[in-house]
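Proteins get letters first, then strands, A, B, ... in listed order; numbering begins at 1 in each.
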Amino acid sequence: MELRLYDTLTREKRVFRPLDSARVRMYVCGPTVYDFAHIGNARPVIVFDVLFRLLRHLYGAKHVKYVRNITDVDDKINARAAERGVPIRDLTEETYKNFKDDVAALGCLEPTVEPRATEHIAEMKTLIERLVESKHAYVAEEHVLFAVSSMPDYGKLSNRSLDEMIAGARVEVAPYKRNATDFVLWKPSKPGEPSWPSPAGIKAPGRPGWHIECSAMSWKHLGEVFDIHGGGIDLVFPHHENEIAQSRCAFHTGAMANYWMHNGFLQVEGEKMSKSVGNFLTINDQLDHWGGSVLRLNMLKTHYRQPIDWTQTNLKEMGRELTRWTDLTQSNSEDDQDGVRTIVEALNDDLNTADAITQLRGFYKSKNVSALRVGMELLGLSTDPKSIQGRKHKRMYVEAGHISITGQSVQLTIAPGSIEKLIAARNSARSARNFSEADRIRDELATMGVVLKDSKDGTTWELAR
RNA sequence: GGCCACGUGGCGGAGUGGUGACGCAGCGGACUGCAAAUCCGCGUACCCCGGUUCAAUUCCGGGCGUGGCCUCCA
């Protein structure tokens, strides 16, 4: 089956055909760097990482360009920097670094380019000048505004008409706007706010509006029209709608991107995630409790367009399932391309990761080690057993006769040699049918986190999960 | 209020106009001194009401519920 993707604009699954198969181009809206990214932010990052991996597989790694921007100029950033009394640049750099660490822990490849808004002011101004020249934008009170009425099919992506939007407008309309739905391309900066010389003959220094940066960065790195544009479903309106308006009107094209993909929202324990409810989960915090692969698997077990409920129960379940898989992948195996083919087949159907995971379960059940391993790798899931536990959880691993510990240092209460001695003692008690002594030793080991497994080939042990 | 999604067994979660995916839990069994782990087996679900159809969980309409957007939030 060929790759088919659901396109928000046409509201249907369509066979994916890149404009240029030697250069598949994808743009995804990245974070605004003012605070730790939350678990909801992780969804598009993971989902589009899977798509990136799939496209690399289908078209070759060198033929796919994935651009994910960093928004480092924004009112929330200004506010947070002022609140903390730190320079804006320090805040955005620190936050970006944290984001990068989080995303790497989630098993995501780095995008081909990670452009920053502040490094594309020139491109934004060029776009704004063009829009003003072609009467798609106008200057009013030192702002530049996009004239929505200049674009007949504005609203197509979010499927809303101008009349509806005007009727439904709940915000008070700024007096300098010609039309209630016109949006800001450039606005004046107050003293202390980041500012640049303004375009369109405006004397006062200013800064860009929210939407123009993505039009500028996608243009710079991918061209006027490209293949895929992705992001969270909440960005459909107004952000993506406005990006389309800016780019299409600036370049006089019929489309900005050929496929618009949007991931669904996430809830936490059945409730909307919000700081006031107190269930606001950052990626960083979740990584304390779970390895990145567990978070990733938990995210991918639901199709990307479906809503997802982020719960402890599910995370536990995924942690256990992943443990079984990673344990199995430690055994030797021959290369097996069936695994890749099967997973690609599942993903080709609009990135059906849930089905892909079902296929992995089949590989596990049939003990197809190689297929399981390559399948997991294609989904970006680590096959390393150490990737299960979070940073705060200590787990010991027995490797080549040594015990190694992940996470912070722990007090070793027993050495591997002593474990062997206790097992021997227990086994002699068992052969003497002294089961109370045998069970006592087993319990003693259990309190140290050592779990015994009796098989006909003898007794083995592992650390409690 | 307007627009848009979603509603599947105890839980999670695919999918389909007509043979009950898959995982967890649960139950039964094998193995075991007993466990643990593992393996085998077991489940007639598709929010409600209409309509279309030989046949609907799947299509259409209405209702209810949940969520999202309409305020620079993935």
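- At B:C73, none of the side-chain N or O atoms of A:Asn41 fall inside 4.0 Å of OP1 or OP2 (strictly under the cut-off).
- Donor-acceptor pairing under 3.5 Å, judged by distance alone, is present between the side chain of A:Asp454 and the base of B:C34.
- A:Leu452 comes within 4.0 angstrom of a nucleotide base, judged by non-hydrogen atoms across all strands.
- No contact: A:Ile357 has no heavy atom under 4.0 Å from any strand.
- Taking CZ of A:Arg305 as the start and CG of A:Asn352 as the end, the distance is 9.5 Å to the nearest 0.5 Å.
- Counting non-hydrogen atoms under 4.0 angstrom, A:Asp439 reaches a base of the nucleic acid.
- Within the shown strands, B:C4 is the pairing partner of B:G67 under the Watson-Crick or G-U definition, both distances less than 3.5 Å.
- Here A:Arg320 reaches the OP1 or OP2 of B:A25: one of its side-chain N or O atoms lies under 4.0 Å away.
- Pairing for B:G23 goes to B:C11, judged as Watson-Crick or G-U wobble with the two contacts each under 3.5 Å.
- If you check every strand for non-hydrogen atoms under 4.0 Å, A:Glu317 touches a base.
- Backbone-only engagement by A:Gly231 is indicated by non-hydrogen atom pairs under 4.0 Å involving sugar-phosphate atoms exclusively.
- Taking atom C1' in both B:C27 and B:C6, the straight-line distance is 33 Å, to the nearest Å.
- Note on A:His303: only backbone sugar-phosphate atoms sit closer than 4.0 angstrom, heavy atoms only; bases stay farther off.
- A:Arg43 comes within contact range of no nucleotide atom at all, as no heavy-atom separation falls under 4.0 Å.
- Phosphate contact (OP1/OP2 of B:C40, side-chain N/O of A:Lys365, threshold under 4.0 Å): present.
- A close approach under 4.0 Å does occur between a side-chain nitrogen or oxygen of A:Thr302 and OP1 or OP2 of B:G13.
- Within the model, atoms CD of A:Glu271 and CG of A:Asp309 stand 9.5 Å from one another, a figure rounded to the nearest 0.5 Å.
- Ring orientation note: the planes of A:His239 and A:Trp210 are close to parallel, at an angle under 30° on the 30°/60° scale.
- Nearest to the side chain of A:Lys453, among B:C73, B:A36, B:C22, sits B:A36.
- Closest to the A:Trp210 side chain, of the nucleotides B:G23, B:C73, B:C72, is B:C72.
- The residue A:Asn314 sits close only to the backbone: its heavy atoms come under 4.0 Å of sugar-phosphate atoms, none of a base.
- Contact between the side-chain N/O atoms of A:Asn159 and the OP1/OP2 oxygens of B:C4 is found at a separation under 4.0 Å.
- Which of B:G23, B:G13, B:C72 sits closest to the side chain of A:Arg324 comes down to B:G23.
- The pair A:Arg426-A:Asp454 meets the salt-bridge criterion, with a side-chain N (NZ, NE, NH1 or NH2) lying under 4.0 Å from an Asp/Glu carboxylate O.
- With respect to A:Arg80 and A:Asp74, no salt bridge is recorded, no charged nitrogen being found less than 4.0 Å from a carboxylate O.
- Nucleic acid contact class of A:Arg440 (heavy atoms, under 4.0 Å, all strands): none.
- Nearest-nucleotide positions on RNA chain B for A:Ser436 and A:Leu235 put A:Ser436 closer to the 5' end.
- The base of B:C4 does not come close enough to the side chain of A:Arg11 for any donor and acceptor atom to sit less than 3.5 Å apart.
- For A:Lys272, a side-chain nitrogen or oxygen approaches OP1 or OP2 of B:G68 to under 4.0 Å.
- If you check every strand for non-hydrogen atoms under 4.0 Å, A:Gln267 touches sugar and phosphate atoms only.
- Applying the 4.0 Å criterion to OP1 and OP2 of B:A35, one finds that A:Arg430 has every side-chain N and O outside that range.
- Note on ring orientation: taking the six-membered ring where Trp is involved, the planes of A:Phe146 and A:His136 are parallel (angle under 30°, cut-offs 30° and 60°).
- A:Phe265 places its CZ atom 9 Å from the C1' atom of B:C69, with the value rounded to the nearest Å.
- Atom CG of A:Leu445 is separated from atom P of B:A35 by 19 Å (rounded to the nearest Å).
- An OP1 or OP2 oxygen of B:A14 is reached within less than 4.0 angstrom by a side-chain nitrogen or oxygen of A:Gln306.
- Checking B:C69, B:A14, B:G33 against every side-chain atom of A:Arg442, the shortest atom distance belongs to B:G33.
- Of all nucleotides listed (B:G33, B:C72, B:C24), B:C72 comes nearest to the side chain of A:Asp75.
- No N or O donor and acceptor, one from the side chain of A:Lys367 and one from the base of B:C39, sit under 3.5 Å apart.
- Note: A:Phe237 and A:Tyr154 have perpendicular aromatic rings, judged against thresholds of 30 and 60 degrees for the angle between ring planes.
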